[in-house]
Amino acid sequence: MPSEECNDAWLETFRAAVQHTERTERQRALKSFGQDFTRDAIIAEECPRIFDDTYLYILRCYGDRFESVRTLAVAAMDALLGKLPPNDYYLGCIVPVLAKRIGQAETIEDSEEVRLQLLEQLETLVAKYSDPDGSRGGDPLLKVLDSVIDTLIKSLRDPFPAAQKKSCEIVIALAEATPSLHYRAEALVAPTKSILTHRHSANRIAAVEALGVLSLHILSNGDCVSEIIMAVSPLLMDDVPFVRRACGRVGCLMLQKLRDRYSFFHRILPLVLNCLCDETVEVREDIEAGWKQAGELYYRENETELSKAALIETVPKGYPVERYRRPTLACRAIVQRSLRVVNLVLHEMEEWKENIRLHATKLLKQIVLHAERSFSTLFLEVNPVLAKACMDAEKSIVSEALSVCELMGILLDYDTWSQHMLTTFQNYPTIGQLRCMRTLFASCVQDEAKCKDVRKFATLLLDPDVCHNHRDAVYQRELLEFCSILASSGQKQESLTARLEEITISESNDSTAGEQQTLERTLYTVALKVVAFCYGLEDRASVRDLGMTVLGLLDSNVDRLHQHHLASVLCKIEHLESENSDASTSILLLCGIVAVCGFQDSYFTILNETLQKAVAHAAPEGKVKLFSAISVAMLSWNVHNAQPKEDQIAMLRALTDAVIAPHLVWSAGRSAESVRAMATACFASMAQGVDTNVYMSLLPTYLNVLSGLIDDNCIATRAYSLKALVRLQALSFESLKLIAFPIMSRLDDPSGEVRELAAVCLGRLQLDVALSEDGQQNTIERWQDILRQILSVMFLHLEHPETKLRCAIFDSLKRLHTDNRELIERLASDVPSGCSYKKDLETITSRTKST
């Protein structure tokens with residue numbers, strides 16, 4: 001039908017068709033109606049009259065029981081609206097119907113697709129009648145604003161995700177279309193907030209954007225704006241980068257357009273600053289651009305004040321330009337006037353959720369980066385929380401917390417934090433405080449300021465509550481890291497020494513060397529104690545190595561360090577008069593020192609006295625640990641001692657008489673047995689670590705007690721006593737007689753190790769004729785009588801099934817044959833041919849001859 005002849009007959013036919021009882025007739029009429037408008041078959045001038053004659057019938061079809069009819073009716077109205085002029089009369093006709101269909105408390109329209117279609121029609125109406133500046137003679141949407149808002153309140157909670165998203169888009173469009181949204185803006189906040197937890201990221205993004213727009217139209221209720229910010233903030237930790245970007249964009253929008261925005265800076269800033277350290281580059285770059293725009297606006301609004309600051313500002317010394325881009329002056333000014341946000345951040349840093357703590361710590365880093373020296377006033381409040389973050393179970397949080405400390409060390413004045421850290425750590429020596437203090441000190445670029453306190457920090461580490469924490473390997477590592485900073489090498493150390501000299505000259509009359517010696521001794525003591533506590537712990541090997549590295553920083557010759565400072569350390573070990581167990585701090589420390597440092601002439605006297613005191617009072621398990629450390633130290637005796645033989649003998653004798661020998665005497669009880677075994681182990685270590693000539697000069701004095709220990713009830717004691725004799729040299733007849741028979745009896749020992757050691761020791765028995773007192777020939781004859789018995793027993797044991805024992809006996813027989821050839825050959829000839837060991841004896845003699 002030509003649009004110019006839109007006559008009453010056609011309209012009457014259409015009205016009759018859309019009211020027909022048959023669904024297909026209604027569908028055909030609505031479809032045809034919509035197609036005519038779509039094909040431009042109707043001219044625009046005729047549309048108002050057509051609307052007047054048809055809108056009631058079309059709108060009545062919105063409630064048709066068939067979904068297909070309702071869909072076509074909405075499409076027909078959309079086609080008609082497209083040709084209608086922007087007259088608010090049409091709003092009054094259509095919007096109430098939409099509100100009735102999808103804006104009621106109960107769900108009237110049960111089709112999700114139709115509800116979405118109706119919302120799209122509402123969006124079209126909002127866009128069509130948009131008049132934000134009143135250029136069309138008023139605000140046409142104001143008349144239907146309540147109906148539109150009521151509809152959105154319902155549709156924002158629609159279970160259909162697409163309808164929710166479309167509702168958010170309508171909210172944004174409505175804010176741009178009418179200046180009157182502020183009348184009902186608060187009513188939309190609650191339903192929009194409910195979408196923030198939707199599982200679809202597109203819906204969350206739409207809700208964040210809608211809330212940002214709504215915040216700009218809330219005039220007098222600051223609490224509502226705060227609620228919006230609080231509701232959006234958790235989405236800064238969303239898994240989807242675009243959701244986080246939406247939060248940052250809302251923050252930038254508020255910073256630029258929110259009414260009374262200066263009052264909300266401290267609440268808005270987290271939305272922006274968190275995105276500046278986002279892991280996604282696109283998010284960071286997008287929000288950084290918006291943040292700069294907000295700063296430029298703030299600069300224009302406060303140009304008089306900021307322009308003066310711009311003239312005198314300089315880049316802080318040591319600013320990490322390679323890692324951070326310094327924010328603009330205006331952006332820094334916004335943060336500096338909004339440091340109240342720190343209280344919120346500190347609260348979140350102590351939350352139980354890891355992701356919240358992590359993001360709060362990142363936010364704190366951004367605040368420090370922007371606040372710079374203005375942050376100094378908050379250090380006392382931040383330090384306890386930051387220290388707690390530095391010992392968090394989550395490594396990423398610890399890393400971020402240390403980054404904050406590093407920035408503070410660079411940007412804050414040294415005097416701002418140094419004295420407080422010294423006092424706080426002294427009262428609460430936790431690993432978190434230690435990490436904070438170490439990082440602050442290491443990153444501080446004000447060398448002249450911090451130099452004067454180097455010894456204070458070193459002395460603080462020397463406190464027993466600090467360096468005696470031997471149960472935590474992580475704590476020990478942090479302690480050594482700080483020591484390495486204080487004892488840095490190369491040019492830095494030389495500069496430090498020069499400054500210390502200046503300080504000493506100006507503050508006292510002592511020599512510079514004395515001051516430096518004090519610092520060196522302090523750091524040496526701390527590092528040595530940590531290394532000592534790691535003695536014997538396999539899982540602390542890396543800590544022990546780091547401790548030795550720190551000692552090397554103090555002096556490349558570590559033995560020289562021991563010579564200068566160890567006596568001082570030993571004198572300060574406390575509670576050695578107590579009955580200490582092997583878990584006692586004093587015993588652990590002393591054992592570690594003995595094992596690590598060994599025995600040297602320069603500190604031997606004080607070490608011997610300290611060991612004597614400790615062994616005399618320690619519990620049995622403590623004595624066992626001490627003797628174990630002594631035996632380890634004995635293995636390195638030759639490494640540390642190159643004195644004349646007489647001096648070494650005097651040292652060994654003093655140690656043995658005072659510490660070891662009293663515990664070799666037999667006494668009843670399992671504890672005494674364990675102590676006796678470890679005391680004997682010290683002699684076994686002497687045999688391996690001490691020069692043979694020195695050891696053999698000392699040994700005869702103690703052969704009497706060792707001979708008794710060879711027959712001790714404890715297998716370990718018997719084994720250690722035989723190990724003490726495996727490097728025997730020629731002895732007097734009386735000494736040989738004292739030990740020969742006990743050793744020979746051990747060939748029948750229940751322990752295979754003891755039997756093998758006994759066989760080895762028998763081969764070491766050798767007479768020193770020069771030491772005989774009864775005449776040389778008489779002594780030789782007497783020794784050969786004893787040797788004949790020993791050889792007979794050895795030949796008997798050649799039939800033993802144990803291979804190791806037979807090999808040890810063969811080796812010993814060959815060694816004995818060198819000095820006793822005639823005796824062994826005569827024994828071989830005297831042995832009857834039927835004896836089982838006759839052939840073995842001949843084998844020995846033939847082998848030794850060929851050898």
Side-chain angles (χ1 to χ4, degrees), residues 429 454-470 475-476 479-480 482-484 486-487 513-537 540 543-578 580 584-618 622 625-626 628-630 632-633 636 639-641 651 655 659:
V454 170
R455 200 177 71 173
K456 288 184 181 180
F457 282 99
T459 304
L460 188 63
L461 301 184
L462 189 59
D463 190 303
D465 291 337
V466 178
C467 62
H468 286 188
N469 192 329
H470 55 83
Y475 190 98
Q476 289 178 323
L479 197 61
L480 292 174
F482 199 1
C483 286
S484 67
L486 296 173
E515 178 74 15
Q516 177 63 10
Q517 179 79 358
T518 301
L519 174 61
E520 182 180 86
R521 175 169 292 180
T522 302
L523 296 176
Y524 165 84
T525 304
V526 175
L528 178 63
K529 285 184 175 182
V530 174
V531 172
F533 283 130
C534 294
Y535 159 68
L537 302 176
R540 304 284 177 91
V543 179
R544 184 169 61 250
D545 293 342
L546 178 58
M548 297 305 296
T549 302
V550 173
L551 292 176
L553 292 175
L554 295 172
D555 193 328
S556 57
N557 188 339
V558 178
D559 282 345
R560 187 162 55 207
L561 279 176
H562 297 329
Q563 293 172 12
H564 291 165
H565 306 301
L566 184 58
S568 173
V569 178
L570 292 172
C571 289
K572 294 177 182 177
I573 300 178
E574 300 176 341
H575 308 301
L576 290 179
E577 297 85 356
S578 304
N580 296 305
S584 167
T585 299
S586 300
I587 294 297
L588 290 174
L589 178 58
L590 181 57
C591 289
I593 289 175
V594 171
V596 171
C597 301
F599 295 97
Q600 293 187 43
D601 182 55
S602 56
Y603 54 81
F604 178 81
T605 302
I606 183 65
L607 180 56
N608 187 26
E609 293 175 356
T610 305
L611 284 172
Q612 185 177 354
K613 184 193 302 182
V615 171
H617 296 90
K625 195 168 189 68
L626 286 167
S628 175
I630 293 172
V632 171
S636 60
V639 177
H640 301 297
N641 295 279
M651 290 170 59
L655 176 66
V659 179

Report yes if the side chains of [X] and [Y] come closer than 4.5 Å at any heavy-atom pair, otherwise no.
X	Y	answer
Tyr603	Cys597	yes
Leu589	Lys529	yes
Leu570	Leu590	yes
Glu574	Thr585	no
His562	Val558	yes
Leu553	Ser484	yes

Quiz prompt | Working for side-chain contact (heavy atoms from CB on, under 4.5 Å), residues Leu576 and His617 | solution = CA-CA 7 Å; Leu576 290 179; His617 296 90; over 6 Å; no
* Between the main-chain N or O of His564 and the side-chain N or O of Arg521, is there a donor-acceptor pair closer than 3.5 Å? -> yes
Practice prompt. Taking Asp559 for its side chain and His640 for its backbone only, find out whether a donor-acceptor pair lies under 3.5 Å.
Written response: no
Looking at [X] and [Y], what are the two nearest heavy atoms and their distance?
X	Y	value
Val594	Ala633	O-CB, 3.3 Å
Val596	Leu528	CG1-CD1, 4.4 Å
Val531	Gly547	CG2-CA, 3.5 Å
Arg544	Cys534	NH1-O, 3.2 Å
Cys467	Leu479	CA-CD2, 3.6 Å

Item checked: side-chain contact (heavy atoms from CB on, under 4.5 Å) between Leu611 and Phe599, worked out -> CA-CA 12 Å; Leu611 284 172; Phe599 295 97; 3.9 Å; yes
Check: Parallel under 30°, tilted from 30 to 60°, perpendicular over 60°: which one fits the rings of His468 and Phe533?
Finding: perpendicular
Handout entry: Trace of the side-chain contact (heavy atoms from CB on, under 4.5 Å) decision for Leu561 with Glu520
Key = CA-CA 9 Å; Leu561 279 176; Glu520 182 180 86; 3.9 Å; yes
Exactly one candidate in Val550, Val526, Leu519, Leu461 meets side chain to side chain contact (heavy atoms under 4.5 Å, CB included) with Leu486; the answer is Leu461
Pair Tyr475-His470, side-chain donor/acceptor within less than 3.5 Å: no
